[in-house]
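Atoms within each ligand, like the ligands themselves, are counted from 1 in listed order.
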Amino acid sequence: MLILMKNGATAEEILRVKQKVQSLGFRAHEIPGAQRIAIGITGNQGKIDPDIFATMGGVEQAVPVSRPYKLVGRDAKPENSEIRIGDTSIGGTELAIIAGPCSVESWDQLITTAKAVKASGARFLRGGAFKPRTSPYAFQGMKEEGLVLLREAKKETGLKIVTEAKDITTLSAVAEVADVIQIGARNMTNSSLLEAVGELRTPVLLKRGISSTIEELLMAAEYILARGNLNVILCERGIRTFEPATRNTLDLNAVPVIKKLSHLPIIVDPSHGIGLWDGVTAMALAGIAAGADGIMIEVHPHPSEALSDGAQSLKPARFLELVAKVRQLAPILGRTVHEESH
Ligand code: PEP
Ligand code: MN
């Protein structure tokens, strides 16, 4: 059930509706919108009688929600959510460009990459310190040391940091450095971790699980919103199919479908999506053309020496070419790309 408040409903009226929801033993979630506030009700097993709310002051309408997700859906908020991250945002007119190495490996590697990322006009530096690798024998990341380097790179470049939280144990250390906390594909169904980032207010980049449906991705986002963190950015990063020629199959269908179902921003990760560096630019442009709010690109100064995902990483010069092409495409779609002032 969603309670749609009238445009101009008072704080008092909103509070009374929330108290009513709580008195019935349910949870009330306030979802601010451009025109009006919606109050989502969760915790009910059966149907709730809409008449309980329809007559309350300030209530426009009480509408039952048939979809399994309530807070991430367009019913709750018809307009797009723009997630604020300091002096920038994701989900507005400006396309978000997030780039950097798969893993933080050394100061030299990180700062060389970060400088190219900054020069491109991108506002976000990515880099994993805690890496959830498929093999226990593969490089697991620099861990806390990697976070220190990310913090330093942020100080030196002013770029916002996107880095992964792999588990609850290390979440608070990651949250201290991250402007955006990444939840990786392997953790999309880790409900405890989703609830833990839901308790924070730091924006979360939630990647689609390797074999997850669009609805499962939206339900994972619902876990985070249900805990009060409305700052979620979705990420299509490719799904597992029968096709072995590419690492994954970048499901660009997901972009317009999710745009229709949810108000949350969605970005595309063509690096993991195709897994081949020489296909990354094409799929990044395709993702933007499909309506994505941004892209996440793996960049490494020496891809052949990378400790993870070298085969899909672009050299800085190629990354700059990619962004130049995105810049040409953006106006056709009514989008902008930030320009670095020299
Ligand atoms: C990554 O972004 O480097 C990563 C591990 O991605 P995913 O979780 O999508 O595999
Ligand atoms: Mn990677």
What I want to check is whether the side chains of [X] and [Y] have a donor and an acceptor closer together than 3.5 Å.
{"X": "Ser103", "Y": "Ser308", "result": "yes"}
{"X": "Lys166", "Y": "Thr170", "result": "no"}
{"X": "Thr93", "Y": "Arg335", "result": "no"}
{"X": "His300", "Y": "Glu105", "result": "yes"}
{"X": "Asn80", "Y": "Arg74", "result": "yes"}

I'd like to check which ligand 1 atoms, numbered from 1 as shown, lie under 4.0 Å from a non-hydrogen atom of [X].
{"X": "Gly184", "answer": "8 (O)"}
{"X": "Arg237", "answer": "7 (P), 9 (O), 10 (O)"}
{"X": "Lys131", "answer": "1 (C), 3 (O), 5 (C)"}

Tell me whether [Y] is reachable from [X] by hopping between hydrophobic residues (I, L, V, M, F, W, Y) whose side-chain heavy atoms are closer than 4.5 Å.
{"X": "Phe124", "Y": "Val337", "value": "no"}
{"X": "Leu230", "Y": "Leu71", "value": "yes"}
{"X": "Leu205", "Y": "Met188", "value": "no"}

* Asked: Would you call Cys102 a ligand 1 contact, heavy-atom distance under 4.0 Å?
  ->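 True for this residue.
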* Asked: Is the closest heavy atom of Arg208 to ligand 1 under 4.0 Å?
  ->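 No, Arg208 has no heavy atom closer than 4.0 Å to ligand 1.
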* Hey, mind stepping through Ile297 and Phe319 against side chain to side chain contact (heavy atoms under 4.5 Å, CB included) and telling me if it holds? -> CA-CA 8 Å; Ile297 308 290; Phe319 167 68; 4.0 Å; yes
* Asked: Does an N or O anywhere in Ala185 fall below 3.5 Å from an N or O of ligand 1?
  -> yes
* **Polar proximity ligand 1 side, Gln182 side, N/O cut 3.5 Å exclusive** =>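 For ligand 1, there is an N or O atom that lies under 3.5 Å from one belonging to Gln182.
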Would you list the atom pairs, donor with acceptor, under 3.5 Å between side chains in residues 268-286 and any protein atom, with sequence neighbours excluded?
unit_1, atom_1, unit_2, atom_2, d
Asp269, OD1, Ser271, N, 3.0
Asp269, OD1, His272, N, 3.0
Asp269, OD1, His272, ND1, 3.4
Asp269, OD2, Lys207, NZ, 2.7
Asp269, OD2, His272, ND1, 2.7
Ser271, OG, Glu298, N, 3.0
His272, NE2, Glu298, OE2, 3.2
His272, NE2, Asp309, OD2, 2.9
His272, NE2, Gln312, NE2, 3.2

* Is the shortest side-chain N to carboxylate O distance from Glu30 to Lys18 below 4.0 Å? ->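 Looking at Glu30 and Lys18, the cut-off is met.
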* Asked: Can you tell me the protein heavy atom closest to atom 4 (C) of ligand 1 and the distance?
  -> His272 NE2, 3.4 Å
* Asked: Which protein heavy atom lies closest to atom 7 (P) of ligand 1, and at what distance to 0.1 Å?
  ->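 Result: Lys207 NZ, 3.5 Å.
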* **Protein N, O or S atoms under 2.8 Å from the Mn ion (ligand 2)** =>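 If we list every protein N, O or S atom nearer than 2.8 Å to the Mn ion (ligand 2), we get 4.
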* To do: Please work out which of Arg186, Glu164, Arg126 has its closest non-hydrogen atom nearest to atom 3 (O) of ligand 1.
  =>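 Among Arg186, Glu164, Arg126, the closest heavy atom to atom 3 (O) of ligand 1 comes from Arg126.
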